[in-house]
There are 2 protein chains.
Amino acid sequence: MLKLSNCFISLLYRRKLDFDHTKRGKNTVESITIKDIAKALNLSTSTVSRALRDSSEMNLETKKMVLEYARQMNYSPNPMAVSLRENKSKAIGVILPEIANSFFSQLINGVEEVAYEQGYHVVIFQSHESYEREVANLKYLASRRVDGMLVSLSSLTTDLHPFHSLIEKGMPFVFFDRVPASEKVHTITSDNYQSSYNATKHLLINGKKRIAHLTSPRYLSITTERLEGYRRALIDHDIPYDENLIKFCHYGGAVAQENEQTIRDLLSLPHPPDGILAASDRLTMGCLEHLHKNNIRIPEEIAIVGFTNMPVAGLLDPPLTAVVQPAAGMGKRATELLIQLIESPDQIKGFQHISLPSDLQVRRSSASYI
Amino acid sequence: MLKLSNCFISLLYRRKLDFDHTKRGKNTVESITIKDIAKALNLSTSTVSRALRDSSEMNLETKKMVLEYARQMNYSPNPMAVSLRENKSKAIGVILPEIANSFFSQLINGVEEVAYEQGYHVVIFQSHESYEREVANLKYLASRRVDGMLVSLSSLTTDLHPFHSLIEKGMPFVFFDRVPASEKVHTITSDNYQSSYNATKHLLINGKKRIAHLTSPRYLSITTERLEGYRRALIDHDIPYDENLIKFCHYGGAVAQENEQTIRDLLSLPHPPDGILAASDRLTMGCLEHLHKNNIRIPEEIAIVGFTNMPVAGLLDPPLTAVVQPAAGMGKRATELLIQLIESPDQIKGFQHISLPSDLQVRRSSASYI
DNA sequence: TTGTAGGCGTTATCAT
DNA sequence: ATGATAACGCCTACAA
């Protein structure tokens, strides 16, 4: 039986000097391997491996010794070797429009929470609302062999072929928020129809009669769902639906110029709106900025309700009525589902379509009495 | 010479069915390997490898054939195998307090831009201002064998040993924004002293005489630098430095309760401040919220200047005078330096300390005439 | 109970 | 010009 001394620890991560048989990456941090442990304890690598995997078919003494030594040496298995063997990377790829956005960064928080808990790491890519970059990210993540992907589509994505071809090849996918219209993918969304209905109804109840809807491109399903909620609320309150009041923004708000132009168009209508329902952070802020610039009183002349997760909504001028989506919750649910798809796909029958409730936070931008 | 038919493409990512000699991860996406190419073209793996690496010592015809086939099959090398062999992961670890924060998410944008350009991927971890989580992330990233790390310290970090021990073992590190006071690390910061000096001077010029400074814990170097700028501006304007007006927030603004209490303490001083310089998003918003709640007029009763990168600063009530840090630029510079440290450390002599200029955007919260 | 051998995908070295 | 081999670190079927 070997006696283990504490000085073992000092060997940890030593740089190997006997290292010239091949030109490897220099200046890399070297860690202890199973082979090192085996050598040190006069065992074979398989025995060490067994001990570390806590096999039952072995001498308890040996196992204890190995585990103790490994602990002292701060051993941790080389993830690259494990990945290579298992043909999985324990990594999840995330593709979304941008992270400098309250909604998406909260979403990522939810993703990370679940992922790290389950031993996955998260690799984040931004499409910046560009279809090309989205597809490039997709390819790169596939080539990096991530175990699964979470995606929120760019506002410009219409061709879903690249996604479907990966799905067919067996890559697990879950879409959230900006999901494809197709029924044949897993999706996590917030209750777009209902929250849009409620927001519109709220404006109507506050006496607004010409409510504009500023939204993302029409081929996104969140757009059509929100539009439908908006439309239904109008119908339920006997207000005519006017197509001139619906503005689809190609870049989903990412391009300031487009926002500016759209809002200007809206305000210069022969019969301009007295209320606006804006479908994203950017669109909402664009509105606010433009109304400020033109000294239009909010909500008296024009009321605003915006989809936004910004924590400062209440500190804006005026305090902003907001549809707050359960971003972190959506990230968590999506990740839970994805990991299930990765680890036990047979348990999941059919395609999941999960919808979580949003929260309408009423403030002064839509209700002058507050 | 083999003739290549287009149907090769359909083989891509096929699921291998002859796959029972060992229990591998099921349901994984299988990709084409060098071995597959070799078999298909009746070559050895070494020849294929050589062709793919564009070796000059080989038949041009063969090379062309291999490359064409690989292209058709959409071959991409298995990064796990490459990593294992090269003992490097082409991954950069990032640890920072939180991503749901304009400054940090812009910082990440900068990091990603450079990293992906250079073929690295970025793995992001949040400390959520907890020292324990920070250290746990550090260990995890080390065990994942990232090639280098970018770190912005949690507000509670005082013990830098875990970092230094990794640095000694050869792990490349670059700190940004919240950097250790030590001279013996690479750092990227904004010009904390100067921007704080300018902001304070701006308040003084606008007639404020009792300026409070709401800031992060005192052992962070950004705190001492900003404090020094503030102090110097007071001295230069013959205003006495009053310790009661300096409030260090243990959690750097992350805990709303602490912010609230701190601001309340400040306002209930026998001689309360008429101006506040707040050192972070959270602290600034905490102030704003509290002043709103108590109907204190900004800037007449109390003026505010805040360090913040929020794009909506100008839409707040009142529009907020902001010290805007070059977040994306800091991320880029940090990543460039880190990649240099990883790939050619010999080129870098001594420790780099890069400081980038901030921008003071004057709005109504500090200047009633605007 | 433990050791040996082979393989995951890639590439450098040596041999042909 | 090309092929065989070994090695990166880990795991496991099989042999001892």
Side-chain angles (χ1 to χ4, degrees), chain A residues 1 16 18-26 28-39 41-66 70 73 75-90 143-145, chain B residues 1 16 18-26 28-39 41-66 70 73 75-90 143-145:
Chain A
M1 181 68 145
K16 285 185 182 154
D18 50 310
F19 210 71
D20 48 33
H21 58 290
T22 166
K23 245 192 297 168
R24 315 280 305 258
K26 302 167 192 170
T28 58
V29 180
E30 301 285 337
S31 352
I32 187 177
T33 71
I34 281 191
K35 206 189 271 184
D36 297 328
I37 300 182
K39 213 175 294 176
L41 301 185
N42 257 317
L43 291 169
S44 76
T45 56
S46 34
T47 305
V48 175
S49 174
R50 261 189 291 262
L52 292 169
R53 311 229 81 223
D54 202 30
S55 162
S56 54
E57 320 176 293
M58 70 180 299
N59 191 315
L60 237 149
E61 290 294 305
T62 318
K63 191 199 287 188
K64 255 172 80 178
M65 178 174 74
V66 171
M73 298 294 286
Y75 169 81
S76 74
N78 182 323
M80 270 103 75
V82 176
S83 290
L84 180 59
R85 224 195 105 72
E86 315 256 315
N87 195 26
K88 60 188 185 192
S89 59
K90 278 283 182 178
S143 85
R144 301 253 15 150
R145 314 291 200 272
Chain B
M1 182 64 142
K16 285 185 181 153
D18 51 311
F19 209 70
D20 46 34
H21 59 288
T22 165
K23 249 191 293 167
R24 315 279 304 258
K26 302 167 191 172
T28 56
V29 181
E30 300 285 337
S31 350
I32 187 176
T33 70
I34 282 192
K35 207 187 273 183
D36 297 328
I37 301 182
K39 212 174 295 175
L41 301 185
N42 258 316
L43 290 168
S44 75
T45 57
S46 8
T47 306
V48 175
S49 175
R50 257 188 294 260
L52 292 168
R53 314 228 82 223
D54 203 32
S55 160
S56 55
E57 320 177 293
M58 70 181 299
N59 190 316
L60 239 151
E61 291 294 305
T62 318
K63 192 200 284 190
K64 252 172 85 178
M65 178 175 74
V66 170
M73 300 293 288
Y75 168 82
S76 75
N78 183 322
M80 271 104 75
V82 176
S83 290
L84 180 59
R85 227 195 107 74
E86 315 255 317
N87 195 26
K88 62 188 182 192
S89 59
K90 278 284 183 179
S143 84
R144 300 249 20 147
R145 315 290 201 273

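Only a predicted model underlies this, so the values are computations on that prediction, with no experimental measurement involved. Naming convention: chains lettered A, B, ... in sequence-line order (proteins, then strands); numbering from 1 in each chain.
Whole-Å rounding puts the A:N42 CG to C:dG3 P distance at 9 Å. Here C:dT10 presents its P atom at 13 Å from CZ of A:R144, a figure rounded to the nearest Å. Here D:dA7 presents its C1' atom at 7 Å from NZ of A:K35, a figure rounded to the nearest Å. Residue B:I32 contributes atom CD1, which lies 15 Å from atom C1' of C:dT10 at whole-angstrom precision. For the pair A:I34 CD1 and D:dT12 P, the interatomic distance rounds to 10 Å; values are reported in whole Å. Per the geometry, CD1 belonging to A:I37 stands 11 Å off P belonging to D:dC11, to the nearest Å. For the pair B:R85 CZ and D:dC8 C1', the interatomic distance rounds to 7 Å; values are reported in whole Å. Atom P of nucleotide D:dA1 and atom CE of B:M65 are separated by 15 Å, given to the nearest angstrom.
Using a 4.5 Å heavy-atom threshold, the side chains of B:M73 and B:I37 count as separate. Put simply, the side chain of A:I34 reaches to within 4.5 Å of the side chain of A:L52, judged on heavy atoms. You'll find the side chain of B:M80 reaches within 4.5 Å of the side chain of A:S89, heavy atoms only.
Side-chain proximity of A:L84 to the nucleotides C:dT11, D:dG9, D:dC10 is greatest for D:dG9. Of the candidates C:dG3, C:dA12, D:dA1, the closest approach to any side-chain atom of B:R53 belongs to C:dA12. Checking C:dT2, C:dG9, C:dG3 against the side-chain heavy atoms of A:M58 singles out C:dT2 as nearest.
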#### Entry: side-chain hydrogen bond (donor to acceptor under 3.5 Å, both in side chains) evaluation trace for A:R145 with B:S31
CA-CA 9 Å; A:R145 314 291 200 272; B:S31 350; 3.1 Å; yes
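Within the 4.0 Å cut-off from OP1 or OP2 of D:dG9, not a single side-chain nitrogen or oxygen of A:T33 is found. Under 4.0 angstrom from either OP1 or OP2 of D:dG3 there lies at least one side-chain N or O belonging to B:S44. For C:dG9, the OP1/OP2 oxygens have no side-chain nitrogen or oxygen of B:Y75 closer than 4.0 Å.
A residue-by-residue look at B:T45 and A:S56 shows that A:S56 has its nearest nucleotide of DNA chain C further toward the 5' end. Comparing A:S49 and B:T62 by the nucleotide of DNA chain D whose heavy atom lies nearest to each, the residue mapping closer to the 5' end is B:T62.
Using a 4.0 Å heavy-atom distance criterion, A:R50 is classed as a base contact.
Evaluation of atom-type donor-acceptor distances gives a pair under 3.5 Å for the side chain of A:S46 against the base of C:dT4.
Residues A:L43 and A:V48 approach most closely at CB-CG2, 4.2 Å, considering heavy atoms.
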